[in-house]
Amino acid sequence: MEQRNLGGLSVPAIGLGCMGMSEFYGRTDDDESVRTLHRALDLGCTFLDTADMYGPFTNERLVGRAIKGRRDEVVLATKFGNERREDGSWIGVNGSPEYVRRACDASLDRLGVDHIDLYYQHRVDTRVPVEETVGAMAELVQAGKVRHLGLSEAAAATVRRAHAVHPITALQSEYSLWARDLEADVLPTLRELGIGLVAYSPLGRGFLTGRYRSSADFPEGDTRQQRFPRFTEENLAANLALVASVEELAARKGVTPGQVALAWVLAQGEDVVPIPGTKRVGYLEENLAAAEVPLTAQELAWLTRSVGQAAGDRYADMSTVNR
């Protein structure tokens, strides 16, 4: 697979988001997830993304189980900062230096590895200066526990402050055809500083695949309609007009809507790496094939123009998004 550069870290052009293997998107199957992870590695999709909060904690253990014996093949990314209890209840955003150190050691243990390739602050803790948080993260680099540092959903000014303490390799934020708010100031700042963008939810949490058209299409246990306003019945109906353009171009090209949506993200720059999530081998293979879907300049411009502003916020609670 084509390699891209994230602030000095070489990764495949498409990574794999692992969250849904453990939580939020309906029934889980660890054995199928491990098969999916192994297939990803076999296909050169070696950039794996997890976090301590997924599960909580179980997703890191799952990824650790899957990469056992293959650690050298993997660019392993995980996150801290959204603090949860073992029972799944939420504590809050935590960026304190003491917590940074404790969270890293716990993640290393669950993953069964001696270092993390890319360690993100999952959300910015507005009660703790980012300089203090990143200072503690930098200590982890010096100790050999972490190779590269990242932030997630951070504002341009926050990225600048963090980067002044220790080089930030990548910012992970939601970015897709229906989530483009970071183009105004965050993306230009990243490019000025030489920081890569890891685009999570590049398929709009599955919406841009065209698979979700009403409440009946969500599997039992799926929490999208509760957690993300764009998926409420009212907003879902309004947002179907957005996916219609993606479906139209996909039909003309003989590919899937999801592949068109991913191809659009890939075309936004060599410093942009999408990490679509899936827990099934078939969808993984479909997603990775998007790297072979060319979009002309005219098609890209038409998509950008046609897929307008989505109805509804990205999250029910946008207070943890640092903008």
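Excluded from the calculations below are hydrogen atoms, water molecules and symmetry mates; all remaining heavy atoms, backbone and side chain alike, are included. Please read these numbers as outputs of a predicted model, since none were measured by experiment.
- Taking the six-membered ring where tryptophan is involved, the planes of W178 and F231 are perpendicular, since the angle between them exceeds 60° and thus also 30°.
- D87 has no carboxylate O lying under 4.0 Å from a charged side-chain N of R85, or vice versa, which leaves the two without a salt bridge.
- A donor-acceptor pair under 3.5 Å is absent between the side-chain atoms of K68 and the main chain of G112, judged by distance alone.
- Residue V124 is not grouped with residue L149 when hydrophobic side chains (ILVMFWY) are merged at heavy-atom distances under 4.5 angstrom, including chains of intermediate members.
- Residues T78 and Y119 meet the side-chain proximity criterion, which asks for heavy atoms closer than 4.5 Å.
- The CZ atom of F24 sits 10.0 Å away from the CG atom of N59 when rounded to the nearest 0.5 Å.
- The side-chain heavy atoms of Y315 and T320, taken from C-beta on, include no pair separated by under 4.5 Å.
- A salt bridge does not link E286 with R280: every distance from a Lys NZ or Arg NE/NH1/NH2 to an Asp or Glu carboxylate oxygen is 4.0 Å or more.
- Between R70 and D42 there is a salt bridge, since at least one side-chain N of the basic residue sits less than 4.0 Å from a carboxylate O of the acidic one.
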- [ ] Apply the test salt bridge (charged side-chain N to carboxylate O under 4.0 Å, His left out) to residues E23 and R227: give CA-CA distance (whole Å), side-chain angles for both, the deciding distance (0.1 Å), then the verdict.
- [x] CA-CA 13 Å; E23 196 175 16; R227 298 178 67 233; over 6 Å; no
Task: Test log, rule side-chain contact (heavy atoms from CB on, under 4.5 Å), inputs E292 and E2 - done: CA-CA 10 Å; E292 306 302 321; E2 172 202 349; over 6 Å; no
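- Side-chain polar atoms of T46 and E73 form no donor-acceptor pair below 3.5 angstrom.
- Here the side chains of V198 and F47 are in contact, with some heavy-atom distance below 4.5 Å.
- Looking only at distances, no side-chain donor or acceptor of D313 sits under 3.5 Å from a matching main-chain atom of M318.
- For the residue pair R123 / S152, a side-chain donor-acceptor distance below 3.5 Å is found, with atom types taken as modelled.
- In this structure, R4 contributes its side chain and G269 its backbone to a donor-acceptor pair below 3.5 Å.
- A 4.5 Å side-chain heavy-atom check between I195 and V159 finds at least one atom pair inside the cut-off.
- The line from OG1 of T58 to CZ of R110 is 9.5 Å long, rounded to the nearest 0.5 Å.
- Side chain to side chain, Y200 and E153 meet the donor-acceptor criterion of an N or O pair below 3.5 Å.
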TODO: Take L62 and S33 through the test side-chain contact (heavy atoms from CB on, under 4.5 Å) and record every step on the way to the result.
DONE: CA-CA 8 Å; L62 175 68; S33 293; 3.8 Å; yes
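- Of the N and O atoms on the side chains of E174 and S201, not one donor lies less than 3.5 Å from an acceptor on the other residue.
- Salt-bridge annotation for R161 and E131: present, with a side-chain N of the basic residue lying under 4.0 Å from a carboxylate O of the acidic one.
- A heavy-atom distance below 4.5 Å is found between the side chains of P276 and L262.
- The local environment of CD in E234 is sparse, with at most 12 non-hydrogen atoms from other residues, nucleotides or ligands closer than 6.0 Å.
- Remark: R252 does not engage E299 in a salt bridge, criterion side-chain N to carboxylate O under 4.0 Å.
- Between the side chain of H122 and the main chain of G81, no donor-acceptor pair closer than 3.5 Å is present.
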TODO: Go through the steps to decide whether D271 and L197 satisfy the test side-chain contact (heavy atoms from CB on, under 4.5 Å), and finish with yes or no.
DONE: CA-CA 6 Å; D271 54 353; L197 174 65; over 6 Å; no
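- Using modelled atom types and a 3.5 Å distance limit, the side chains of S176 and W264 yield no donor-acceptor pair.
- For the pair Q121/V130, a side-chain contact is recorded, criterion being any heavy-atom separation below 4.5 Å from C-beta on.
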- [ ] Run the numbers on L177 and L242 for side-chain contact (heavy atoms from CB on, under 4.5 Å), then give the verdict.
- [x] CA-CA 9 Å; L177 271 165; L242 306 183; over 6 Å; no
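- Looking at N322, its side chain does come within 3.5 Å of a backbone N or O of A155 through a donor-acceptor pair.
- Put simply, the side chain of R65 reaches to within 4.5 Å of the side chain of V34, judged on heavy atoms.
- Comment: K145 engages D105 in a salt bridge, judged by a side-chain N to carboxylate O separation of less than 4.0 angstrom.
- In this structure the side chain of L111 reaches within 4.5 angstrom of the side chain of T50, judged on heavy atoms.
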TODO: Assess whether salt bridge (charged side-chain N to carboxylate O under 4.0 Å, His left out) is satisfied between R160 and E192, documenting all intermediate values.
DONE: CA-CA 10 Å; R160 287 187 185 278; E192 176 192 334; 2.6 Å; yes
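- Contact detail for Q3 and S10: the closest heavy-atom pair is OE1-OG, 3.3 Å.
- Heavy atoms from other residues, nucleotides or ligands lying under 6.0 Å from CZ of R180 number more than 12.
- Taking OG from S107 and NZ from K79, the interatomic distance works out to 10.0 Å, rounded to the nearest 0.5 Å.
- The cluster map of Ile, Leu, Val, Met, Phe, Trp and Tyr, joined by side-chain heavy atoms under 4.5 Å apart, puts L240 and L203 in different clusters.
- Cation-pi geometry between R205 and F228 is met: under 6.0 angstrom from the ring centre, within 45 degrees of the axis.
- Note that the CG atom of L295 and the CG atom of L266 stand 9.0 Å from one another [nearest 0.5 Å].
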